[in-house]
Amino acid sequence: MSSSRKDHLGASSSEPLPVIIVGNGPSGICLSYLLSGYTPYMKPDAVHPHPLLQRKLTEAPGVSILDQDLDYLSEGLEGRSQSPVALLFDALLRPDTDFGGNMKSVLTWKHRKEHAIPHVVLGRNLPGGAWHSIEGSMVTLSQGQWMGLPDLEVKDWMQKKRR
């Protein structure tokens, strides 16, 4: 089954897309962000509150987190997830959030076009999932900072939407 699509320059292509993401909520958006070539790096001046993780992160300065040994980096981390990689990214995006902290992310994101992978995100409704039903007076079980995306905090999004 072959269908025609347009590439990033608008030219038509009959090549199938290598990746289809099913679901356009926060997880699907994050995966799309990564597949679009946005790559996480440790901020040069950042200090992570977890001393062992901080030491590991300083072993490869300037190297993308994705190009490092994720199993090694995630050893010893604890949190809400059973997935070591999810624990690592939670720890980097929201250091100490699981333990009541509200420190800013230690990551910076660089767009590396050469790493982009063509993909499509499919969803039933507008992208963002639950974000569209959030009202200013709404209370969630998750802390607000947990609802952010890699390069967009939910408070910044809500401010732009004037909520």
Side-chain angles (χ1 to χ4, degrees), residues 19-112 115-117 119 121-161 163:
V19 177
I20 296 174
I21 300 170
V22 179
N24 61 352
S27 294
I29 292 171
C30 290
L31 180 54
S32 177
Y33 191 73
L34 289 168
L35 291 175
S36 295
Y38 288 91
T39 309
Y41 290 83
M42 178 76 172
K43 289 179 184 172
D45 57 345
V47 176
H48 198 280
H50 191 290
L52 181 57
L53 180 56
Q54 173 64 27
R55 185 184 57 74
K56 291 177 183 180
L57 291 167
T58 60
E59 292 173 5
V63 177
S64 162
I65 299 298
L66 300 179
D67 292 330
Q68 296 185 45
D69 183 344
L70 299 179
D71 287 330
Y72 172 67
L73 290 176
S74 64
E75 286 174 354
L77 297 178
E78 297 177 353
R80 298 171 284 133
S81 176
Q82 297 300 312
S83 165
V85 174
L87 285 172
L88 173 62
F89 275 90
D90 278 351
L92 297 172
L93 283 170
R94 298 168 193 89
D96 270 352
T97 297
D98 284 339
F99 304 105
N102 62 354
M103 186 177 160
K104 290 203 177 274
S105 174
V106 296
L107 295 178
T108 187
W109 296 83
K110 296 180 184 175
H111 190 220
R112 297 171 61 188
H115 287 193
I117 298 171
H119 64 282
V121 180
L122 303 176
R124 292 184 200 176
N125 299 310
L126 292 171
W131 279 30
H132 292 287
S133 58
I134 294 174
E135 296 183 21
S137 62
M138 183 178 250
V139 177
T140 67
L141 294 176
S142 298
Q143 295 183 32
Q145 63 263 33
W146 289 355
M147 297 187 67
L149 296 172
D151 218 6
L152 176 64
E153 293 185 30
V154 73
K155 67 179 178 144
D156 296 335
W157 179 82
M158 289 181 75
Q159 191 173 34
K160 287 179 185 174
K161 293 289 185 177
R163 295 183 180 187

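Atom CG in Leu88 sits 9.0 Å away from atom CG in Asp90 (nearest 0.5 Å). In this structure, CD on Gln82 lies 7.5 Å from CG on Leu87, to the nearest 0.5 angstrom. For the atom pair CH2 (Trp109) and OH (Tyr38), the distance works out to 11.0 Å, reported to the nearest 0.5 Å. Rounding to the nearest 0.5 angstrom, the gap separating the NZ atom in Lys43 from the NZ atom in Lys104 is 7.5 Å.
Contact detail for His111 and Ser36: the closest heavy-atom pair is NE2-O, 3.0 Å. When all heavy atoms are compared, the tightest approach of His115 to Thr39 is ND1-OG1, 4.4 Å. Residues Pro49 and Met103 come closest through the heavy atom pair CD-SD, 3.4 Å.
Between Glu75 and Lys56 there is a side-chain heavy-atom pair separated by less than 4.5 Å. Val85 is not listed as a side-chain neighbour of Ser74, based on a closest heavy-atom distance of 4.5 Å or more. Two residues are said to be in side-chain contact when any heavy atoms from C-beta on lie closer than 4.5 Å; Leu92 and Leu73 fail this criterion. With a 4.5 Å cut-off on side-chain heavy atoms, Ser32 and His119 count as touching. Taking the side chain as every heavy atom from C-beta outward, Ser27 and Ile21 never approach each other to under 4.5 Å. Side-chain contact between Phe89 and Cys30 is absent, with no heavy-atom pair separated by less than 4.5 Å.
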**Message:** Go through it in stages, so that I can follow the logic: the residues are Val121 and Ile29, the test is side chain to side chain contact (heavy atoms under 4.5 Å, CB included), and I'd like the CA-CA distance, side-chain angles, deciding distance and then a yes or no.
**Reply:** CA-CA 8 Å; Val121 180; Ile29 292 171; 5.9 Å; no
**Asked** Given Leu57 and Ile65, is the side chain to side chain contact (heavy atoms under 4.5 Å, CB included) satisfied, shown in steps?
**Response** CA-CA 9 Å; Leu57 291 167; Ile65 299 298; 3.8 Å; yes
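Crowding of Arg55 atom CZ: a count of heavy atoms from other residues, nucleotides or ligands under 6.0 Å exceeding 12.
Judged purely by atom type and a 3.5 angstrom limit, His48 uses its side chain to pair as donor or acceptor with the backbone of Ala91. No donor-acceptor pair closer than 3.5 Å links the side chain of His50 to the backbone N or O of Pro95.
For the pair Arg112 and Asp67, the salt-bridge criterion is met [side-chain N within less than 4.0 Å of a carboxylate O].
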